[in-house]
Amino acid sequence: AWRAARASGVRRDRNALLTQLSNLGPGVLESTDLESVRTRLQRLVLDLEHHRQRISDLVYDSVALELGGSE
């Protein structure tokens, strides 16, 4: 049950990242404020790194649970 809740959270994060990316796309092409675009892109990359880590943690916990973990 706890994995289902975490997996649901990862899916919500994924959808939010996709929305953020689709909103950012046109702005990158049309913006003249390069520093603002750079900051937004850096934030997106950081959010993507965190999302990847949450996916890795979820997979690790799933495998550890199925194999019995280290205990």
Side-chain angles (χ1 to χ4, degrees):
W2 62 271
R3 285 188 299 174
R6 285 180 61 195
S8 177
V10 168
R11 278 191 298 276
R12 260 193 325 273
D13 290 346
R14 177 187 171 271
N15 291 338
L17 287 168
L18 288 172
T19 299
Q20 186 179 352
L21 184 60
S22 66
N23 291 339
L24 187 61
V28 168
L29 296 174
E30 298 168 1
S31 179
T32 57
D33 183 9
L34 296 181
E35 189 58 35
S36 172
V37 170
R38 179 180 175 272
T39 302
R40 291 174 62 196
L41 287 172
Q42 284 179 321
R43 181 62 205 194
L44 177 62
V45 168
L46 182 64
D47 291 346
L48 288 169
E49 289 173 359
H50 289 161
H51 180 68
R52 185 204 50 80
Q53 184 60 51
R54 283 190 293 273
I55 290 171
S56 295
D57 292 345
L58 185 60
V59 170
Y60 179 84
D61 290 345
S62 296
V63 170
L65 182 66
E66 289 180 22
L67 297 178
S70 61
E71 301 169 5

>> Same cluster or not: L21 versus V10, using hydrophobic residues (I, L, V, M, F, W, Y) connected whenever any side-chain heavy atoms lie under 4.5 Å apart?
In response: no

> Do L24 and V37 have side chains that get closer than 4.5 Å, going by heavy atoms?
Replying inline: no

>> Do L18 and R14 make a side-chain contact, defined as non-hydrogen atoms from C-beta onward lying under 4.5 Å apart?
In response: yes

Provide the closest heavy-atom pair for [X] versus [Y] in the form atom of the first, atom of the second, distance.
X	Y	result
Q20	D47	OE1-OD2, 3.5 Å
N23	R40	O-NH2, 4.2 Å
T19	S22	O-OG, 2.9 Å

> Of the options Q42, E49, R43, which is the one that meets V45 in a side-chain contact (heavy atoms from CB on, under 4.5 Å)?
Replying inline: E49

>> Nearest 0.5 Å, please: how far is NE2 in H51 from CD in Q53?
In response: 11.5 Å

>> Test side chain to side chain contact (heavy atoms under 4.5 Å, CB included) on L17 and L44; report intermediate values, then the result.
In response: CA-CA 8 Å; L17 287 168; L44 177 62; 4.1 Å; yes

> Going through the distances and angles, do R6 and D61 end up as a salt bridge (charged side-chain N to carboxylate O under 4.0 Å, His left out)?
Replying inline: CA-CA 11 Å; R6 285 180 61 195; D61 290 345; 2.5 Å; yes

